[in-house]
Amino acid sequence: MSNMKVRFAPSPTGPFHIGGARSALFNWLLARKEEGSFVLRIEDTDLARSTRESEENIKASLKWLGMNWDEGVDVGGDNGPYRQTERLDLYKEVIERLLAEDKAYECFCTAEELDAVRQEQMDRGETPKYNGHCSHLTEEEKEKYRAEGRKSTIRLRVPLNKTYAFDDMVRGHVSFESNGVGDFVIVKSDGIPVYNFAVVMDDHMMKITHVIRAEEHLSNTPRQMAIYEALGWDIPVFGHISLILGKDYKKMSKRHGATSVEQYKQLGYLPEALVNFLALLGWAPEGEEEFFTQEELIQAFSMDRVAKNPAVFDIDKLNHINFHYMKQLSDEDIFHLCLPHLKEVGLVPDSMNQADIEWLTLLCTTFRDHISFGAQIKDHVGLFLGDTVFLEEGHEEELKSVLSEETVPTVLKAFKNQLVAMEEVTPENVKAAIKAVMKETSLKGKFVFMPIRVALTGQMHGPDLNNIVTLLGKEACVHRLDTYANLIK
């Protein structure tokens, strides 16, 4: 067991985003690879937006993806509590120490005053930062502000002319100049610490050694380093992973499709496929392999193969990976994966008997090679909804020409007779019936298969015809064969 300790510290302000899942995964893989520990901490100091519902969504999503945590919410540990709002007393002690050592101070500037200063600085072409107005107030001046009803924030004193430099696990050597930072707020006027302060407290007290997070936090790092140094604490190793972009190279958002883990679960994606896909978003394995089990990912993962460039979320690649994992599912598993989506389109009775389960299982297995995720089953079951056959859009003329062949009436009549005589419609019996039609009509292959398929489904291509006939059943097939002439009018 190594002393490496990483954490995932989401804000519970909405459904668990796919970008957050990727950050969690990289932390988790590194912890497991190095036999370190993985902490789950909840950063809920945004009181207006944080909810327990979102926290539960995050935890459920992590569990579904197979990421367990060694310490944190629910499982406990020696460094709790693991929600920031439950740690306020711990922060208060450290804030008082910083004030006593004059490394922080109260600021009474109003939002309007700060905005005015910021605007003046921008008008002069300067980088906006706090001008230090309250950095050396006397006790009398502070009392005067309090008497006016002003509430104070607390700012950290940031040294001038200092370089904050570190070696990032992904980006290499990075440096920031303190003069561009300015004295920044560490505690808001309501007494709640800001993100940059609370995260330093938590990471130090929880003995976090490596911080892997999204690159949007890179600009927070010099502020956090300033807090670490003010307190005389060791600074962890940082690694900032790139953003996830849509295929249009813009930051991933709802316009690109599903953005939360929950949505992918509901769409019928498999957790092992999503994990495999997320690992390849910004991390490149040494070889050409693209399919990894969880254990193989742990063994192969390393931060030095994480790219600096943004990762592009390619839904086609996810579908390709998910299809690979779906092929390994049992018939029963495919049935359960597709079941909620078949309910949506009305193909599942309120109370299923064994015959219903067998019919639905055959339906799912018949189309398993035609779907990349569970919800896609809905795109293929229209021919079982209602009595009317519609010719596939865009192929109408081609399909009509198939049904207009002079041998078609003979083939369809012979097949209908076979069906009517059949005691039970099964794939095996249908296969035998089609062979009998070939023998009776002296026609080969597609001259028998094709008109039967088009008359029954309105399509030239599709899954196993024996299964399709079985699924439709005798009555529906006979009705469609009797009315096929309507399709070529």
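As the structure is a computational prediction, the values presented were derived from the model and not from experiment.
Applying the salt bridge (Lys or Arg N to Asp or Glu O under 4.0 Å) test to pairs two or more places apart or on separate chains, those with a residue in residues 325-339 are Asp331-Arg368.
Summarising the local packing, CD of Gln328 is surrounded by more than 12 heavy atoms from other residues, nucleotides or ligands at distances under 6.0 Å. Around atom CD of Glu393, no more than 12 heavy atoms belonging to other residues, nucleotides or ligands sit under 6.0 Å away. More than 12 heavy-atom neighbours from other residues, nucleotides or ligands sit within 6.0 angstrom of CD on Glu148.
With rounding to the nearest 0.5 Å, the separation of CD1 in Ile371 from NZ in Lys378 is 12.0 Å. Note that CG of Leu360 is 10.0 Å distant from NZ of Lys343, once rounded to the nearest 0.5 Å. Atom-to-atom distance recorded for Ile334:CD1 and His336:NE2 is 11.5 Å, nearest 0.5 angstrom. Rounding to the nearest 0.5 angstrom, the gap separating the CG atom in Leu47 from the NZ atom in Lys188 is 6.5 Å. Distance NZ/Lys207 to CG/Asp202: 12.5 Å, rounded to 0.5 Å.
The nearest pair of heavy atoms linking Asp356 to Ser351 is OD2-O, 3.9 Å. Annotation for Ser189 and Lys151: closest pair CB-CB, 4.0 Å, computed over non-hydrogen atoms. Closest heavy-atom contact between Pro12 and Ile58: CA-CD1, 4.0 Å. Residues Gly19 and Ile244 share a closest heavy-atom pair of CA-CD1, 3.7 Å. Taking both residues in full, the closest heavy atoms of Tyr105 and Tyr130 are given as OH-CE2, 3.3 Å, listed atom of the first, atom of the second, then distance. Between Met4 and Thr209, the shortest heavy-atom contact is CA-OG1, 3.4 Å.
Side chain to side chain, Gln263 and Ser260 meet the donor-acceptor criterion of an N or O pair below 3.5 Å. A donor and an acceptor atom, one from each side chain of Gln224 and Thr221, are nowhere located under 3.5 Å apart. Side chains of Asn68 and Trp28: a donor-acceptor N/O pair is present below 3.5 angstrom, by distance only. Between Asn319 and Ser372, the side chains place no donor N or O within less than 3.5 Å of an acceptor N or O (distance only, hydrogens not considered). No side-chain N or O of Gln84 forms a donor-acceptor pair with one of Asp44 less than 3.5 Å apart.
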Under the side-chain contact (heavy atoms from CB on, under 4.5 Å) criterion, do Asp203 and Val199 qualify, and how do the steps go? CA-CA 6 Å; Asp203 285 346; Val199 80; 3.9 Å; yes
Run Leu347 and Trp359 through side-chain contact (heavy atoms from CB on, under 4.5 Å) and show every step you take. CA-CA 10 Å; Leu347 276 173; Trp359 187 87; 4.1 Å; yes
Could you go through the side-chain contact (heavy atoms from CB on, under 4.5 Å) check for Phe16 and Trp64 one step at a time? CA-CA 12 Å; Phe16 189 31; Trp64 180 69; over 6 Å; no
Run the side-chain contact (heavy atoms from CB on, under 4.5 Å) test on Ile315 and Phe277 for me, step by step, so that the C-alpha distance in whole Å, both residues' side-chain angles and the decisive distance to 0.1 Å come before the verdict. CA-CA 10 Å; Ile315 191 67; Phe277 173 73; over 6 Å; no
Checking Tyr269 against Phe373 for the ring pair (Phe, Tyr, Trp, His ring centres under 6.0 Å) test, could you report, in this order, the C-alpha distance in whole Å, the side-chain angles of both residues, the deciding distance, and whether it holds? CA-CA 5 Å; Tyr269 284 87; Phe373 55 94; 4.6 Å; yes
Determine, stepwise, if the pair Glu43 / Arg83 fulfils salt bridge (charged side-chain N to carboxylate O under 4.0 Å, His left out). CA-CA 6 Å; Glu43 298 188 344; Arg83 291 183 190 88; over 6 Å; no
Could you go through the side chain to side chain donor-acceptor pair (under 3.5 Å) check for Asp46 and Tyr195 one step at a time? CA-CA 9 Å; Asp46 184 342; Tyr195 164 78; over 6 Å; no
Just do the salt bridge (charged side-chain N to carboxylate O under 4.0 Å, His left out) check on Lys162 and Glu177 with the steps written out, would you? CA-CA 6 Å; Lys162 180 176 174 61; Glu177 297 306 317; over 6 Å; no
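Between the side chain of Arg22 and the backbone N or O of Ala214, no donor-acceptor pair lies under 3.5 Å. Under a 3.5 Å cut-off, the side chain of Ser11 and the backbone N or O of Thr13 do not form any donor-acceptor pair. Using a distance-only test at 3.5 Å, with no hydrogens or angles considered, no donor-acceptor pair links the side chain of Asp464 to the main chain of Thr366. Using modelled atom types, no side-chain atom of His133 and backbone atom of Phe108 make a donor-acceptor pair closer than 3.5 Å. Although no hydrogens or angles enter the test, the distance criterion places no donor-acceptor pair under 3.5 Å between the side chain of Asn27 and the main chain of Phe8. Remark: side-chain polar atoms of Lys103 are not paired, donor with acceptor, to backbone N or O of Arg157 under 3.5 angstrom. In terms of modelled atom types and a separation under 3.5 Å, the side chain of Gln119 and the main chain of Ala116 share no donor-acceptor contact. With Ser54 contributing its side chain and Gly14 its backbone, the two residues share a donor-acceptor pair below 3.5 Å. The backbone N or O of Pro463 lies less than 3.5 Å from no partner atom in the side chain of Asn467, so there is not a single donor-acceptor pair. Side-chain atoms of His380 come within 3.5 Å of backbone atoms of His370 as a donor-acceptor pair (strictly under, hydrogens ignored).
Salt-bridge annotation for Glu262 and Lys265: absent, with no side-chain N of the basic residue lying under 4.0 Å from a carboxylate O of the acidic one. The pair Lys247-Asp316 counts as a salt bridge, with a side-chain nitrogen and a carboxylate oxygen less than 4.0 angstrom apart. Lys308 has no carboxylate O lying under 4.0 Å from a charged side-chain N of Glu215, or vice versa, which leaves the two without a salt bridge. Between Asp70 and Arg7 there is no salt bridge, since no side-chain nitrogen of the basic residue lies less than 4.0 Å from a carboxylate oxygen of the acidic one. Salt-bridge formation is detected for the pair Glu101/Arg97: a Lys NZ or Arg NE/NH1/NH2 atom is positioned less than 4.0 Å from an Asp or Glu carboxylate oxygen. Between Asp89 and Lys92, none of the side-chain N atoms (NZ, or NE/NH1/NH2) sits under 4.0 Å from a carboxylate O, so this pair counts as no salt bridge. Using a cutoff of 4.0 Å between basic side-chain nitrogens and carboxylate oxygens, Lys5 and Glu71 are scored as salt-bridged. Salt bridge annotation for Glu140-Lys144: absent, with no cationic side-chain nitrogen under 4.0 angstrom from a carboxylate oxygen. Contact check on Arg146 versus Glu106 returns a salt bridge, with a Lys/Arg side-chain nitrogen under 4.0 Å from an Asp/Glu carboxylate oxygen. Comment: Lys59 engages Glu55 in a salt bridge, judged by a side-chain N to carboxylate O separation of less than 4.0 angstrom. Ionic pairing of Arg150 and Glu113 is present here: one or more N-O contacts between side-chain nitrogen and carboxylate oxygen are shorter than 4.0 angstrom.
Between Phe26 and Phe301, the ring-plane angle classifies as tilted under the 30° and 60° cut-offs. Classified by interplanar angle (parallel below 30°, tilted 30° to 60°, perpendicular above 60°), the ring pair Tyr264/Phe313 is tilted. Aromatic ring orientation, Phe291 versus His320: tilted (interplanar angle from 30° to 60°).
In this structure, Arg213 forms no cation-pi arrangement with Phe238, as its terminal cationic atom is not both closer than 6.0 Å to the ring centre and no more than 45° off the ring axis. For the pair Arg41 and Tyr82, the cation does not sit on the ring face, since its NZ or CZ is not both under 6.0 Å from the ring centre and inside 45° of the axis.
In this structure, the side chains of Leu297 and Trp283 come closer than 4.5 Å at one or more pairs of heavy atoms. You'll find the side chain of Val275 stays beyond 4.5 Å of the side chain of Leu278, heavy atoms only.
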